[in-house]
Amino acid sequence: MFGRLTLDAFKHEASQNFAVLMMVLTGMAVFGLLFYLKRWKWLWSEWLTTTDPKRIGVMYIIVVLLMFMKGFADAIMMRLQQALSVGESHGFISASHFQEVFSAHGTTMIFFVGMGFIFGLLNLIIPLQIGARDVAFPFLNALAFWLFTAAAMLMMISLAVGKFSTAGWLAYPPLSGVEYSPDEGVDYWIWILQIAGLGTTISGVNFLVTILKMRCPGMTLMKMPIFVWSALCSMILVIFAFPILTATLFMLTLDRYLDMHFFTSGGGGNPMMYVNLIWAWGHPEVYILILPGFGILSEIVPTFSEKRLFGYVSMVWALLLITFYSFIVWVHHFFTMGAGPGVNSFFAIMTMLIAIPTGVKIFNWLFTKFRGRVHFTSPMLWFFAFLLNFTIGGMTGILLSAPPVDFQVHNSLFLVAHFHGMVIGGLLFSLFAGFTYWFPKFTGFFLDERLNRYAFWCWLTGFLLAFMPLYMLGFMGATRRLDHYEASTGWHPLFVLVAIGAGIILCGATIQVLGLFWSIKNRKKNWDHTGGDPWNGRTLEWSISSPPPIYNFAIIPTVNELDPLWAIKRGEAPPPIMDYEDIHIPKNTPVGMYIGGFSLIFGFAMVWHIYWLAIIGFIGIIICVIFQLSGNDEHDLMTAAQVQEIEEARMPSHLKRGEFI
Amino acid sequence: MSTELSLNKIKKEWHGSWKTYIIGFVSSLILTSASFLLVITKALTGRSLIYAIIGLGLTQAIFQLIYFLHLGQESKPRWQMWIFFFMLLILLIVVGGSLWIMSDLNDRVMSDMNMEIHHD
Amino acid sequence: MNDSMMVYHTRDKYADTSMPDPEQDTFSKTVLGFWLYLLTDCLLFATLFATYAVMHHETFGGPGSRELFSLPIAFSETMLLLLSSVTCGLAVLSAVRNENKKIILWLIVTFFLGASFIATELTEFSDLIREGHGWDKSAFLSSFFTLVGTHGLHVTIGLFWMCVMIAQISIKGVTVPTFRRLVVFSLFWHFLDLVWIFIFTFVYLMGVI
């Protein structure tokens, strides 16, 4: 009746019970609050059923925040365990729990924090920067968010019901096959990724069409902001890489559920093919993550240097080259799997080459600042932290790209330090910069700058302390994913240092979260009184009020050069057409959320082999899809008069007349 | 919405006609039959047979892309066409690369128990 | 600065301020979006093809493609699908010419051809399984069933979609949304015939040589 789900699934080790308790309590608190404030109707009509990308973007970031807490808790647990578990002592986590923790940490951080934050920002920023009112497919946009959230929920459920995968964030077979991991862990991992991956692919198509087809008059490709270019390249990577993941996970699923022999040790299976395919996806994936990060910096550095971006054309070429190259380097993730010098050298050289366009981008940012008027706001501080840490991590990447070196440090803590330099130093710091930079646009007030700085210094010191020793540990022979080691290795002092670093990062993250609530509480003090343009912005999102109206632009702008808002301020832009028009706004719909819900049911049922429930979930999805695709293209209408009323209430009069201070 | 088009305008954006479907159908019929015939009658063998049927298959794919899927007939900018070509490039890299890598691994890792050590 | 009361159109006065893409309507966006989805499906099939290529000799001691594949069956499947691709196109052509009854007719013919394709394929599969050559016997069989089966799954989804289209056209006739969906469906259906070319070439024909 319940497949292989039994009451045993609810029994956990002590260390896990605490996490489950926290999760349940938090959920109850949120529900309780909503009941107390009687805000269900508001939640439903303003948020859950919305098709407005600005709202969807905010929801992404809320889910990301929750998943970040989970992923970071995993990190703290690992660091604490490794600092304590030496010689006689075995720390406080069992070996199998530790395996679940590192698998969950990687999965959560990459798929939910990384991808989620990026899609959140794309939703918020892309339509505004291209002068559009919406994305190309508003319903699909909402659907993609709900699929993402369904996958996140499945991940959270795996904490409480049964075990998560113990096979790492990429689940190599034969360990991840049904022979060596027969229980529900790997199945949870598979369905979480398939549901999230579907959402990502849908968003990839959506944003690609949006950028290609919905740019405002005059915005040719070479006049787009670099953030939009970086999103374009990232989405191209999404649509071509994610199908590889889908197919590979599908084959692993068939191995596990239908006894097939793709990646098994027997029957003619080839586990190496899995490694090959998963990295053919995996390498583009890391560029999917980092390119929007680069794009954010290309917005922030010129604005806070009061100087246009140096080398726009070379920036575009660098992005395009990185996009292409990211498809021809994937073997560097498995140099040690046994390929010959021909294969390994080819991919080693390609990997080294990809550093060149990346370097071009870094030099361009530096040249942008040269002779500019640099403002050391916290986004700019995050850029400096990026510069230091991403560059160090990048250089160790070049070291790793030489197979002879890689053979020594593959899967050691040296590797771990390298890629955390990339994702934390590179991606996370850029995301923090972007979050602070764009926060006033969507809320109308600033984040507390002093708390931003405290958080920044905690993150920077914490990161250096938590990851630089890992390079040393890697050279000293420490492999990754170790939950216990002998005192004679001499690693213990370094692991203690690393744990302290993690603790300092925890302080930074705590300050950020508390700072968010603090800033909301004090928003009247931190109000943006400039009417939407606090940083003397260059791009179109700063030309409308904060927060923007639902339709973004009452009048679609016309653009004739890069940095269009600076052009307007200099009086060099084409004057706008001043008549308001009727605006069609996509209707709200709960169908995206329903499909997400049915996907969650389907995923959970498949994990536990509750096939009748899986069929119900599947049929639910089909019915919703047919319902949604049988509509009549209906929209809500906002008349020109209503638009005019909204505009006149929002804009200070001097901005309406087109005068900028 | 000012950018929405009427049904008649939309119909003009679809590029099919009796002609395109007849050409597509007849060419596919001929190319398919040719492939099957070559294999059944063994008119060619070995490498040449393989190249022939791959060539016939690719030719038929091109005909179907043009006459059924109307590739290249959209108005400028021809996004569908350019992204199709890029997809083709990536596909060749992923498939070709995988075959190269896996055959290399096969030679080196999956050789039989009398380990032959290659010095090259 | 300009007087905000003046209203004039600027496109002639400034260089290159025309719409970067003249077609921003829902039809163009949807067709491009669906085309992009089809390209993702190309990569999905490519992954399955690559896996089949790597594993097609791994028969684990059992029979291989030469012993198991039947060219007559593959040929009939090919013809059924090719014909259905043509009739699908003719359905859209009828929609363009406002011949509603013909649309439904052509769609029903397409459905029967597609259903016959699936029936043939299911027979082929069940015969193999009954003779002891199921997908769990070797990597070769796993990859064969998965590659061809995934294509068959797509065709089956297409059959369901076709029923929905037949219903929509019967009830609502040819409107902007239903025409758009019909075109999108035809892209999907044509794409499946395109993938089949590669299946019968690389799996069946090459398998029998």
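Here is how names work: the chains are called A, B, and so on, in the same order as the sequence lines, proteins then strands, and each is numbered from 1. Given the structure is predicted, the values throughout are model-derived calculations rather than measurements.
B:K42 places no side-chain N or O within 3.5 Å of a backbone atom of C:I209 that could act as its donor or acceptor partner.
The aromatic rings of C:W35 and B:F84 are tilted relative to each other, their planes meeting at an angle between 30° and 60°.
Heavy-atom pairs under 4.5 Å with chain B peak, among C:L71, C:L38, C:L187, at C:L71. Contact count versus chain B (heavy atoms, under 4.5 Å) is highest, among C:T40, C:V183, C:T51, for C:V183. In terms of heavy-atom pairs under 4.5 angstrom with chain C, the leader among B:N106, B:I40, B:T32, B:I83 is B:T32. For the set B:S17, B:G96, B:G16, B:S103, the entry with the most heavy-atom pairs within less than 4.5 Å of chain C is B:S17. Options C:L82, C:L32, C:V54 differ in how many heavy-atom pairs under 4.5 Å they form with chain B, and the most are formed by C:L82. In terms of heavy-atom pairs under 4.5 angstrom with chain C, the leader among B:Q60, B:M102, B:K9, B:E74 is B:Q60.
With a threshold of 4.5 angstrom between heavy atoms, C:I197 approaches chain B through side-chain atoms but not through N, CA, C or O. For B:L29, the parts lying under 4.5 angstrom from a heavy atom of chain C are both the backbone and the side chain. Using a 4.5 Å cut-off between heavy atoms, B:L44 does not touch chain C at all. With a 4.5 angstrom heavy-atom cutoff, C:F75 touches chain B via backbone and side-chain atoms both. When heavy atoms are compared at a cutoff of 4.5 Å, B:L38 does not approach chain C at all. With a 4.5 angstrom heavy-atom cutoff, C:A95 touches chain B only via backbone atoms. Both the backbone and the side chain of B:S33 come within less than 4.5 Å of a heavy atom in chain C. Contacts between C:V195 and chain B at a heavy-atom distance below 4.5 Å are absent for every atom of the residue. Neither the backbone nor the side chain of C:Y204 comes within contact range of chain B, judged by heavy atoms closer than 4.5 Å.
Residues B:Q64 and C:D193 have side chains in contact (heavy-atom distance under 4.5 Å, counting atoms from C-beta outward). Side-chain atoms of C:F49 and B:V95, non-hydrogen and from C-beta on, never get closer than 4.5 Å to each other. Put simply, the side chain of C:V92 does not reach to within 4.5 Å of the side chain of B:Y21, judged on heavy atoms. For the pair B:Q80 and C:V31, the minimum side-chain heavy-atom distance is below 4.5 Å.
Outside the 6.0 Å centre-distance limit, the rings of C:H190 and B:Y67 are not counted as a close aromatic pair. Between B:F36 and C:F200, a ring centre-to-centre spacing shorter than 6.0 Å is recorded.
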Given side-chain contact (heavy atoms from CB on, under 4.5 Å), test B:V39 with C:M206 step by step and report yes or no.
CA-CA 9 Å; B:V39 173; C:M206 305 258 280; over 6 Å; no
Run the numbers on B:F86 and C:L39 for side-chain contact (heavy atoms from CB on, under 4.5 Å), then give the verdict.
CA-CA 10 Å; B:F86 188 73; C:L39 297 183; over 6 Å; no
